[in-house]
Protein chains: 2
Amino acid sequence: MAREVGLAQLTLREVADRVGMRAPSLYSHFDSKHAIYDAMFGQAWTECLAVSNAALAQVPPDARGALHLAARTFFDFAVSDLPRHQLMNLRTIPGFQPSAESYAPAVATLELARDLFGRHGMTGQEELDLYVALVGGLVDAQHANDPGGDRWSRLVDRAVDMFVDHLDLDEEQHPPNRKKERS
Amino acid sequence: MAREVGLAQLTLREVADRVGMRAPSLYSHFDSKHAIYDAMFGQAWTECLAVSNAALAQVPPDARGALHLAARTFFDFAVSDLPRHQLMNLRTIPGFQPSAESYAPAVATLELARDLFGRHGMTGQEELDLYVALVGGLVDAQHANDPGGDRWSRLVDRAVDMFVDHLDLDEEQHPPNRKKERS
DNA sequence: GTCTATACACCGATAGAC
DNA sequence: GTCTATCGGTGTATAGAC
């Protein structure tokens, strides 16, 4: 329903209609409307964690390849569903704060990224923060300025190359991929 | 009022109260609540355009220094006022779409950045798009993950250095600022 | 226990008197 | 141009049937 009418346009009466109930009956299952958003939040991040784990299973051994796969995986996941992304990352619902329980798979996903970074010798918080901002910025720009298109999607690989070059992360068998070279 | 109670928590009744009117009287001045948001949107971007122009007046001649100033100016402006940033850049208000008139100062601000890029030989759309995503990502990460702090603010200079290094933009009097050197 | 029926307070918006 | 009165719709809550 969020994908059809928009995340913030959910009404309890229509939600109830779609599951064959009256609106007040929802309170037998959820404490409030925010509790429904909270369940959706946890569900979305659990799904993201699963996708990330699946991608991690076939991650290349080199840092550049690993970050390429990680960034592309998260980018595609975030771009493929705007309402879900609004719920997961943006604070679109006024006053909504995820519960600690629903937040757990979100921190677990970030922990996955932290492990991947540590695997290639990047243990600093700043490097991970910069990476998070870079990939998140690409996602937001894609959604905000070219919804449904690929104008920023085409920049993901280049952005990761820029990041890897900046940290001089390559091992010897993978030469630096400087400047405007694309795969 | 948006800074006090939040952007989405504006109610026509309290807005009217604060200007000494009754709620329906607002409709003599604005067609709808969205029209009020639209006026605020135009006002915010007009202010951003003015700040950008002021910064541009004292921009250094070299590309690296210019991008440092431009990024810092926009970042600080966007971070200093969350409700304003939500209105300008995020789509926090459900269903709100800025009018062409209010959108004009936004495109003018982007045009300023495009001119600055062209001044240093960067005429490609991709370079500007990547820059927009990078700075926007830093702003969003700062707001979302460390509101009121400076965890991503401290990364702005480094991010710009990474970007400038990637494009090999330096003229000879300014040596590349590789790796983790901070000013 | 789970649902239906009903009510409350609030919202944006409109109609019409002055 | 501002007001009063009011409308339909919303999230939320409670009472009570089955």
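Each chain gets a letter, A, B and so on, in the order its sequence line appears, and its residues count up from 1.
Looking only at atom types and distance, the side chain of B:R114 has no donor-acceptor partner in the side chain of B:T123 under 3.5 Å away. Side-chain atoms of A:Q86 and B:R91 form no donor-acceptor pair, as typed in the model, at a separation below 3.5 Å.
Between B:Q97 and B:D38, every side-chain heavy-atom pair lies at or beyond the 4.5 Å cut-off.
A:D17 has its CG atom 10 Å from the P atom of C:dT4, to the nearest Å. The OH atom of B:Y37 sits 15 Å away from the C1' atom of C:dA13 (whole-angstrom rounding). In this structure, A:L12 atom CG and C:dT4 atom P are separated by 14 Å, rounded to whole Å.
Between B:T11 and B:D31, the residue whose closest nucleotide on DNA chain C is further toward the 5' end is B:T11.
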Show, in sequence, the C-alpha distance, side-chain angles and deciding distance for B:H166 and A:H166, and conclude whether the ring pair (Phe, Tyr, Trp, His ring centres under 6.0 Å) test is met. CA-CA 8 Å; B:H166 171 67; A:H166 170 68; over 10 Å; no

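Heavy-atom neighbours of A:D115 CG from other residues, nucleotides or ligands within 6.0 Å: above the threshold of 12.
Note that CZ of A:F75 is 10.5 Å distant from CG of A:D157, once rounded to the nearest 0.5 Å.
Across B:D150 and B:D146, no two heavy atoms sit closer than the pair N-OD2, 3.1 Å.
The aromatic rings of A:F96 and A:H34 sit perpendicular, their planes meeting at an angle over 60°, well past the 30° parallel limit.
In the 5' to 3' direction, nucleotides of DNA chain D lying under 4.0 Å from heavy atoms of chain B begin and end at D:dT2 to D:dA5.
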For nucleotides 5-9 of chain C, give me every protein contact, N/O to N/O, under 3.5 Å, one pair per line with atom names.
none

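Across all strands, A:H29 comes closer than 4.0 Å only to sugar-phosphate atoms, never to a base (heavy-atom distances). In this structure, A:L10 reaches the sugar-phosphate backbone alone: every heavy-atom distance under 4.0 Å involves primed, P, OP1 or OP2 atoms, never a base.
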